[in-house]
Amino acid sequence: MAKFQKILVPLDGSANATRGLDRAIEIAKSSGAEITGFYVFHLPLAAGIKYTQKMKDEAQKKAVKAIGPAMNKTQKAGAVFKYKTGGGGSTGSEIVKFAEKGKFDMIVIGARGMGGAKEAFLGSTSNYVMHKTKIPVLVVK
C-alpha cells in the first residue's frame, strides 16, 4: 500500500462524512498521515445578496457542528487532525481546488452527504470530486 502523508476529508456533519472520516483514521494510523477536515461554507445562490451577521453566525455553527466531533474522534484515535474551511463555489469545486492547492496525497469522502434533491440534478459531490481531481479518491459508502 502507498504511504500517505496528507489525507483530506470533506466534512458536512452527515453520517456519510463520518464514515469517510472513520476510514481516513484507519489509513492515517497505519501510515502516520495527518488528516485535514475540510468544511465548505454555502453562500447565497443569488448574486448581490449581502451576508448578514445572522447568516455568518449560522454558517459558523454548522461548521463547528461538522468539525468539532471529527476533531475529537480523530484525536481520541491517536491521529493528527487539522481543519480548514472554504467557500465561494460549489462544494465539489471547492474540495478539488483545496486538495490540489494543498498537495494532498488522498481524498477520503463519504458518499451521499447533505446534497439532497440538488444531487439528482447536478450529480453528487463525491462523483464530482472523483472525476475532477488527479488526486486518488476513496469514496466510502
Side-chain angles (χ1 to χ4, degrees), residues 1-47 49-141:
M1 181 156 90
K3 183 97 166 152
F4 299 104
Q5 300 293 317
K6 293 174 67 177
I7 301 171
L8 179 64
V9 181
L11 300 170
D12 65 4
S14 70
N16 297 299
T18 301
R19 281 195 302 275
L21 176 65
D22 291 343
R23 190 69 167 117
I25 290 169
E26 290 173 23
I27 295 166
K29 285 175 64 176
S30 67
S31 67
E34 72 179 28
I35 295 172
T36 299
F38 185 61
Y39 180 86
V40 178
F41 288 102
H42 296 279
L43 303 175
L45 295 175
I49 291 180
K50 302 236 184 210
Y51 270 127
T52 64
Q53 189 59 46
K54 183 178 179 183
M55 292 167 79
K56 289 178 186 176
D57 292 345
E58 287 299 314
Q60 188 63 35
K61 283 180 191 173
K62 288 179 182 178
V64 168
K65 277 178 114 173
I67 292 169
M71 179 184 295
N72 291 337
K73 181 178 230 180
T74 305
Q75 290 174 341
K76 281 181 185 172
V80 176
F81 184 87
K82 296 179 177 182
Y83 68 91
K84 294 286 183 184
T85 59
S90 72
T91 303
S93 66
E94 290 297 312
I95 293 167
V96 170
K97 281 191 285 187
F98 182 76
E100 291 175 357
K101 186 177 171 186
K103 299 183 180 176
F104 285 88
D105 301 312
M106 172 185 242
I107 301 168
V108 179
I109 187 168
R112 298 189 61 85
M114 294 183 169
K118 183 172 85 168
E119 200 171 36
F121 299 106
L122 303 176
S124 71
T125 300
S126 57
N127 188 48
Y128 180 91
V129 170
M130 246 181 9
H131 288 96
K132 296 294 183 180
T133 187
K134 294 179 174 114
I135 297 169
V137 178
L138 174 61
V139 178
V140 180
K141 287 185 147 199

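Every heavy atom of this structure was used, including side-chain atoms; hydrogens, water molecules and symmetry mates were not.
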Among all residues two or more places apart in sequence or in another chain, which pass the side-chain contact (heavy atoms from CB on, under 4.5 Å) test with [X]?
| X | value |
| --- | --- |
| Tyr83 | Ile67, Met71, Phe81 |
| Glu34 | Lys6, Thr36, Val80, Lys82 |
| Ala33 | Phe4, Ile7, Ala28, Ser31 |

Arg19, CZ atom: more than 12 neighbouring heavy atoms under 6.0 Å: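 Yes, the 6.0 Å shell around CZ holds more than 12 heavy atoms from other groups.
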In chain order, what residues pass the side-chain hydrogen bond (donor to acceptor under 3.5 Å, both in side chains) check against [X], with sequence neighbours excluded?
| X | result |
| --- | --- |
| Asp105 | none |
| Lys73 | Asp22 |
| Gln5 | none |
| Lys97 | Glu94 |

If you measure from [atom1] on [X] to [atom2] on [Y], what distance do you get to the nearest 0.5 Å?
| X | Y | atom1 | atom2 | answer |
| --- | --- | --- | --- | --- |
| Phe41 | Thr91 | CZ | OG1 | 12.0 Å |
| Ser126 | Ile107 | OG | CD1 | 11.0 Å |
| Thr74 | Leu21 | OG1 | CG | 4.0 Å |

Residue pairs involving residues 59-71 (criterion salt bridge (charged side-chain N to carboxylate O under 4.0 Å, His left out); sequence neighbours excluded):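 Only Glu58-Lys61 qualify under salt bridge (charged side-chain N to carboxylate O under 4.0 Å, His left out).
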pair Tyr128-Val96: side-chain heavy atoms closer than 4.5 Å: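 Yes, close enough: below the 4.5 Å cut-off.
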Non-hydrogen atoms of Val40 and Gly87 that approach each other most closely: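 Scanning both residues, the minimum pair turns out to be CG1-CA, 4.2 Å.
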Nearest non-hydrogen partners of Pro10 and Ala17, listed with the distance: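 Looks like O-CB, 4.0 Å.
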With Ile109, the side chain to side chain contact (heavy atoms under 4.5 Å, CB included) member among Asn16, Val9, Thr125: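 Of all the options given, the one that passes is Thr125.
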Using a 3.5 Å cut-off and no angle test, enumerate the donor-acceptor pairs between side-chain atoms of residues 133-141 and protein atoms at least two apart in sequence or in another chain.
{"from": "Thr133", "atom 1": "OG1", "to": "Glu100", "atom 2": "OE2", "distance (Å)": "3.1"}
{"from": "Thr133", "atom 1": "OG1", "to": "Ile135", "atom 2": "N", "distance (Å)": "3.2"}

Pairs satisfying ring-ring contact (aromatic ring centres under 6.0 Å, His included), at least one member in residues 90-110, at least two apart: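 Matches after skipping sequence neighbours: Phe38-Phe98, Phe98-Phe104.
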